[in-house]
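Side chains are part of it too, since the values below use all heavy atoms of this structure and drop only hydrogens, waters and symmetry mates. Within every chain, numbering begins at 1; the chains are lettered A, B, ... in the order of the sequence lines, protein sequences first and strands thereafter. Predicted, not measured: the structure shown is a model, and the values here were computed from it.
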Amino acid sequence: MANEEIARIFYEIADLLDLEGVRFKPEAYRRAARTLEQFPSEVRSLKDPSAVRALPGIGEALSSKIEEYRSTGKVLYLERLREKWPPGLLEIMRLEGVGPKTTRRFHEELAIRDLADLKAALEAGKLDHLPGFKARKVELLRQALSHRPPGGASRSGGRLPLPEAQRIADELLASFRATKAPVDRVVYAGSLRRRREDVGDLDLLATTRGDPRAVMEAFCHLPPVREVRLSGETKTTVILDGGLQVDLRVVAPEAFGAAWVYFTGSKDHNIRLRTLAQQKGMKMNEYGLTRGEGRTDSPTEEAVYGALGLPFIPPELREDQGEFEAAAAGRLPRVVQPGDLKGELHIHVPASFGPEDLDPWVREARDLQLRFLGFVFRPEDLSASSTRLGEIRQRLPGRKGGVRILLALETSLSTGEKGLPDDPPDLWFVRPGGARKGGTTAPGPGASGRWPDVQVHPEEGPFPPGSPKDRLALELAVGPREVYLPPGARALAEGGALFLLSARPRLPEELRRLSLVAGVGARHWVCGDQVLNAREDPVGRRPA
DNA sequence: GCCGTTTTCGGCCCGACTGTTTTCAGTCG
């Protein structure tokens with residue numbers, strides 16, 4: 001994917017500029033790289049130079065480098081930087097606790113060019129003579145070198161898919177709350193709260209009126225904690241058994257709002273907020289907003305945004321990718337929230353599904369205050385067991401325990417609407433699987449004149465060009481292991497597309513994942529009124 | 001290199017923790 005490649009190039013340039021000791025530019029390159037990574041599906045925009053120029057953090061120089069890469073496949077500026085610095089230095093710089101300054105000293109004072117050189121120098125005791133390098137630092141370096149997995153993957157490598165990160169966070173929070181630690185409140189923040197598709201580490205925030213050290217102590221002794229990286233009065237970093245890093249910050253309750261904003265990020269969003277505070281003659285940090293000597297308490301996030309003259313910005317939008325501009329213009333979208341979702345429509349069940357199988361689903365749905373459930377069948381499964389949709393319809397109630405029971409048929413583009421005319425389902429899904437190359441099988445109305453309702457399983461591949469997306473809802477799902485996004489989700493959402501938000505549950509308790517799906521939808525600027533399963537009646541004819 | 005309800009030039013977020021230091025530099029988020 002072209003923009004991810006360009007992002008990697010910008011990151012490398014940033015690292016090399018750090019090595020050179022250049023100020024400000026590295027952050028400019030990284031910010032641009034983050035922008036490019038943010039919405040990797042929107043490759044289209046890169047083909048239009050003026051659109052690229054309009055992206056946050058990308059100006060004249062960087063847009064022309066993107067153009068250069070597009071036309072020549074390389075960036076001369078990077079090539080020149082690479083000539084000046086041995087490639088192995090970047091590996092050294094990625095070691096835990098080793099930054100550009102230290103790397104450069106290794107290179108200039110000890111002629112170290114790569115990790116092998118560094119190891120040899122360490123063995124030979126050459127580092128012991130380096131000023132500022134005593135036994136402890138040498139030991140930390142030794143550990144950093146051995147922490148590296150043999151394969152060479154750096155610590156930045158392992159990011160967890162969102163649903164897995166959420167599971168780990170839930171368990172960790174539960175066991176933390178179960179301790180005797182004197183905490184008022186514990187929440188998660190960071191990219192998990194922003195509902196990024198993948199999460200690199202967990203960020204937790206706790207408030208206490210008691211001794212923060214006691215809180216840290218309890219946290220460090222939680223069962224899954226393998227190692228304590230650092231621990232101070234307000235901040236502790238640990239590594240869990242699976243290798244996941246977790247940061248805990250502890251603040252007083254009066255600072256909770258400011259701290260949650262700060263710790264939720266993103267970095268770029270925070271920088272923007274703090275700059276805004278500066279412009280208003282204030283200073284903002286994780287403890288609150290100050291003006292001169294006066295301190296404003298910030299018990300809630302709303303208070304923080306309010307003091308800056310902003311409406312509350314939902315965490316999913318905090319990327320400095322247009323949310324400030326939208327807020328200033330009074331056009332911050334009312335993005336979908338968990339409570340908006342009134343049902344789940346994408347539940348695959350076997351053709352033998354019967355009334356007794358329904359009960360646990362209905363119980364869970366009632367718990368979650370859902371109004372409808374949609375069970376999905378595939379024509380090939382039905383024909384394999386010689387079952388007609390009409391039979392299933394007859395043996396299942398149309399409503400149970402106040403929950404409406406809907407039936408959906410899922411065909412692939414190649415099977416078309418087989419099975420539709422006789423037994424019209426409540427909803428008709430199409431998935432791209434089996435789409436013929438050449439795009440002749442774009443979904444359209446079947447013989448009955450009926451159009452499919454939803455385009456599902458975006459992970460199976462793109463729909464042929466010319467797909468009438470405007471007539472179809474697009475599925476955006478969070479499965480047990482992964483997030484499934486239609487390409488260009490945000491652009492589609494801003495263009496007014498309709499979405500189906502699904503947890504793709506295979507067990508009733510997985511319906512709880514709907515709140516996560518809502519968050520991912522929000523992150524892509526999907527509004528409540530654009531969501532099929534946020535409607536009272538997801539079957540009724542859509543407004544034109 | 002980017003960017004502008006103080007600016008098209010001159011700024012660029014802010015603090016915690018650690019190790020090696022008598023006041024701070026480097027790294028990290």
Taking [M] as the reference, what is the distance to [N] when you measure between their [atom1] atoms (whole Å, please)?
N	M	atom1	answer
dT18(B)	dC12(B)	C1'	27 Å
dT22(B)	dG15(B)	P	24 Å
dC24(B)	dT20(B)	C1'	9 Å
dG26(B)	dT21(B)	C1'	12 Å
dA16(B)	dT6(B)	P	28 Å
dG1(B)	dT5(B)	P	23 Å
dT23(B)	dG29(B)	P	29 Å

Would [X] and [Y] pass as an ion pair if we require N to O under 4.0 Å?
X	Y	answer
E494(A)	R331(A)	no
R82(A)	E79(A)	yes
E323(A)	R318(A)	no
D320(A)	R31(A)	yes
R30(A)	D15(A)	yes
E37(A)	R34(A)	no
R8(A)	E5(A)	no

Give the rounded distance in Å between these two atoms: [atom1] of [X] and [atom2] of [N].
X	N	atom1	atom2	value
F24(A)	dC13(B)	CZ	P	8 Å
L141(A)	dT27(B)	CG	P	12 Å
D18(A)	dC28(B)	CG	P	10 Å
L205(A)	dG29(B)	CG	P	18 Å
L95(A)	dG26(B)	CG	P	18 Å
E27(A)	dG1(B)	CD	C1'	12 Å
D320(A)	dC12(B)	CG	P	17 Å
L289(A)	dC13(B)	CG	P	16 Å

Open item on the list: Under the rule for ring pair (Phe, Tyr, Trp, His ring centres under 6.0 Å), what residues qualify as partners of F499(A), not counting sequence neighbours?
Closed with: none

Task: ring pair (Phe, Tyr, Trp, His ring centres under 6.0 Å) against Y262(A), all qualifying residues, sequence neighbours excluded - done: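 Partners of Y262(A) under the ring pair (Phe, Tyr, Trp, His ring centres under 6.0 Å) test: none.
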
Under 4.0 Å, counting only non-hydrogen atoms across every strand here, what does [X] touch: a base, just sugar-phosphate, or nothing?
X	result
K101(A)	sugar-phosphate
Q245(A)	sugar-phosphate
T102(A)	sugar-phosphate
P26(A)	nothing
K65(A)	sugar-phosphate

- [ ] Test E319(A) against every option in H269(A), K267(A), R194(A) by the side-chain hydrogen bond (donor to acceptor under 3.5 Å, both in side chains) rule and name the one that passes.
- [x] R194(A)

Task: Atom pair OG (S175(A)) and CZ (F219(A)), whose distance is rounded to the nearest 0.5 Å - done: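 Going from the OG atom of S175(A) to the CZ atom of F219(A) covers 9.0 Å.
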
Task: Candidate pair D114(A) and E91(A), rule side chain to side chain contact (heavy atoms under 4.5 Å, CB included), full reasoning - done: CA-CA 7 Å; D114(A) 52 28; E91(A) 294 287 307; over 6 Å; no

- [ ] Give none if dC2(B) has no partner; otherwise give the nucleotide forming a Watson-Crick or G-U wobble pair with it, both distances under 3.5 Å.
- [x]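 Checking every strand shown, dC2(B) finds its partner in dG11(B), with both distances under 3.5 Å.
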
Open item on the list: Just to be sure I understand the geometry, which residues of residues 298-310 of chain A put a non-hydrogen atom under 4.0 Å away from DNA chain B?
Closed with: none

Please tabulate, one pair per line, all N/O donor-acceptor pairs under 3.5 Å involving side-chain atoms of residues 122-138 of chain A, not counting sequence neighbours.
none

- [ ] Let me have a per-nucleotide readout for nucleotides 14-24 of chain B, 5' to 3', with B, S or -, counting only protein heavy atoms under 4.0 Å.
- [x] BSSSSSSS---

Task: Toward the 5' end of DNA chain B, by each residue's nearest nucleotide, K280(A) or L17(A) - done: L17(A)

With the criterion being N/O to N/O and under 3.5 Å, what pairs connect the protein with nucleotides 2-4 of chain B, and how long is each?
unit_1 : atom_1 : unit_2 : atom_2 : d
dC2(B) : OP1    : G59(A) : N      : 2.6
dC2(B) : OP1    : G59(A) : O      : 3.4
dC2(B) : OP1    : L62(A) : N      : 3.2
dC3(B) : OP1    : G57(A) : N      : 2.8

